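Only one structure is covered here, and it is reproduced in the block below.
Values below: all heavy atoms of this structure, side chains included; hydrogens, waters and symmetry mates excluded. Residue numbers run from 1 in the order of the sequence given. All of these numbers come straight from a predicted model, not from anything done at the bench.
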Amino acid sequence: IIHLDLYRLRGPEELEALALRDMLAESRLWLIEWPDRGAGALPSPDLTVGLHVEGNGRLARLQSRTATGNQWLGALFGSPEA
């Protein structure tokens, strides 16, 4: 698992300095916060997670974008979206 928080990036060109290209070729689970900061330089996501404040708690919406994302959601919840 690789976790990236791209909040401090000013643009996708700064991803090159992180030397992530070599890791993209290998099969890994990438958890990326602020992915819009790397738009165009990152592969398309298999799954997106939206976190929202709801009352005193939080709501998480998971949405599949690919067949791989469907498999992950199916393994977790038994359906492609939760």
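In the hydrophobic cluster analysis, where Ile, Leu, Val, Met, Phe, Trp and Tyr join through side-chain heavy atoms closer than 4.5 angstrom, V49 is grouped apart from V53.
For the atom pair CG (L76) and CD (Q71), the distance works out to 12.0 Å, reported to the nearest 0.5 Å. From L18, atom CG reaches atom CG of L9 across 6.0 Å, with rounding to the nearest 0.5 Å. For the atom pair CG of D46 and CG of N70, the computed distance is 9.5 Å after rounding to the nearest 0.5 Å.
Closest non-hydrogen pair, T66 versus S64, comes out as O-OG, 2.8 Å. For the pair R8 and E14, the tightest heavy-atom approach, listed with the atom from each and the gap, is O-OE1, 4.3 Å.
The side-chain heavy atoms of I2 and L31, taken from C-beta on, include no pair separated by under 4.5 Å. Using a 4.5 Å cut-off on side-chain heavy atoms (C-beta onward), W34 and L4 make no contact. D5 has its side chain out of reach of I32: every pair of non-hydrogen atoms, C-beta onward, lies at least 4.5 Å apart. Considering only heavy atoms from C-beta on, R37 comes within 4.5 Å of Y7 through its side chain. At least one side-chain heavy atom of Q63 sits under 4.5 Å from a side-chain heavy atom of T48. Proximity of R58 to L51: side-chain heavy atoms (C-beta onward) are nowhere separated by under 4.5 Å. Between L62 and F77 there is a side-chain heavy-atom pair separated by less than 4.5 Å.
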Run L29 and W72 through side chain to side chain contact (heavy atoms under 4.5 Å, CB included) and show every step you take. CA-CA 11 Å; L29 174 62; W72 290 346; 3.7 Å; yes
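Taking P12 as the reference, A41 meet the side chain to side chain contact (heavy atoms under 4.5 Å, CB included) condition, with sequence neighbours excluded.
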